[in-house]
Amino acid sequence: SALLRLCVRWSCVCAFCFFLFLSVAGPGVMGANSSLDWKPVWACLTVLAALRLALAVPLSFFEGCGRVREVLQVRIAEAGAIAMAAWAAILLGWGLWVCVAMAGASCLVTGGYLLWNRPFWMAVASRPPGYLSWRQEFWPVQWRFAASWLAGGLIFSLFIPAIMKVKGPVFAGRFGL
């Protein structure tokens with residue numbers, strides 16, 4: 001129960017900080033010189049990326065509770081939904097909004113799974129909270145994991161905007177595919 005509360009609290013804090021970072025970094029990298037109307041797309045994508053980050057932690061909590069098979073099935077369904085959303089958006093000619101459709105599909109599948117398993121959450125949350133020492137039990141390993149994940153995520157997600165700034169939208173689109 002204490003671990004669940006801690007996980008949810010920290011995932012929300014991290015997702016909010018991630019949202020703030022992306023809100024500032026996007027306009028800073030893209031600038032005003034772009035010929036595309038990317039700001040509404042970036043705003044939606046920023047919100048959905050933060051939501052995906054917030055949903056990833058409870059999903060990992062499910063894995064830690066022994067529901068590995070269920071979580072893998074959700075991730076397979078998520079990959080299928082992302083692919084279907086991408087192809088549908090491409091065929092409908094949505095342009096940059098394809099990224100938003102993909103992130104939205106991911107959030108719908110993961111969020112739907114977590115809402116469907118609400119009785120499990122209530123059972124875990126209703127247990128009396130135990131003592132949990134973050135500093136002694138989690139911090140020694142988690143800070144390395146967090147630093148590695150953050151560095152990898154930032155490097156990967158900054159390629160496309162940087163390429164768009166340097167080479168233009170056509171080359172960035174080709175690189176993104």
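For the numbers below, each heavy atom of this structure counts, side chains included, while hydrogens, waters and symmetry mates do not. Please read these numbers as outputs of a predicted model, since none were measured by experiment.
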query = Mind checking what makes side chain to side chain donor-acceptor pair (under 3.5 Å) contact with S11, not counting sequence neighbours?
reply =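 Partners of S11 under the side chain to side chain donor-acceptor pair (under 3.5 Å) test: none.
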Indicate every side-chain donor-acceptor pair of residues 43-57 with a distance under 3.5 Å to a residue at least two apart or in another chain.
| from | atom 1 | to | atom 2 | distance (Å) |
| --- | --- | --- | --- | --- |
| T46 | OG1 | W42 | O | 2.6 |
| T46 | OG1 | W42 | NE1 | 3.3 |
| R52 | NE | S106 | OG | 3.0 |

key: All side-chain contact (heavy atoms from CB on, under 4.5 Å) counterparts of F16, not counting sequence neighbours   =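 Scan of F16 (side-chain contact (heavy atoms from CB on, under 4.5 Å), adjacent residues dropped) gives L20.
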ask   = Any chain of hydrophobic side-chain contacts (each under 4.5 Å) joining V71 to L108?
value =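 No, V71 does not connect to L108 through the hydrophobic network.
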Atom pair CG/SG of L114 and C107 - distance to nearest 0.5 Å =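 Those atoms lie 11.0 Å apart.
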key: Pairwise distance CD(E70) to CG(L59) - rounded to 0.5 angstrom   =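 Reported to 0.5 Å precision, the distance equals 10.0 Å.
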ask   = Taking only residues at least two apart or on different chains, which pairs with a member in residues 54-64 satisfy salt bridge (charged side-chain N to carboxylate O under 4.0 Å, His left out)?
value =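 Counting only pairs at least two positions apart or across chains, the salt bridge (charged side-chain N to carboxylate O under 4.0 Å, His left out) contacts touching residues 54-64 are E63-R75.
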task = For residues R67 and N117, report the shortest heavy-atom separation together with the two atoms involved.
result =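 Taking R67 first and N117 second, the nearest heavy atoms are NH1-OD1, 3.3 Å.
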Those residues that, when tested against F62, pass ring pair (Phe, Tyr, Trp, His ring centres under 6.0 Å) (two or more places apart) =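 Counting only residues at least two positions away or on another chain, F62 forms a ring pair (Phe, Tyr, Trp, His ring centres under 6.0 Å) with Y113, F120, W121.
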Using atom types as modelled, flag every donor-acceptor pair under 3.5 Å from a side chain in residues 87-105 to any protein atom, sequence neighbours excluded.
none

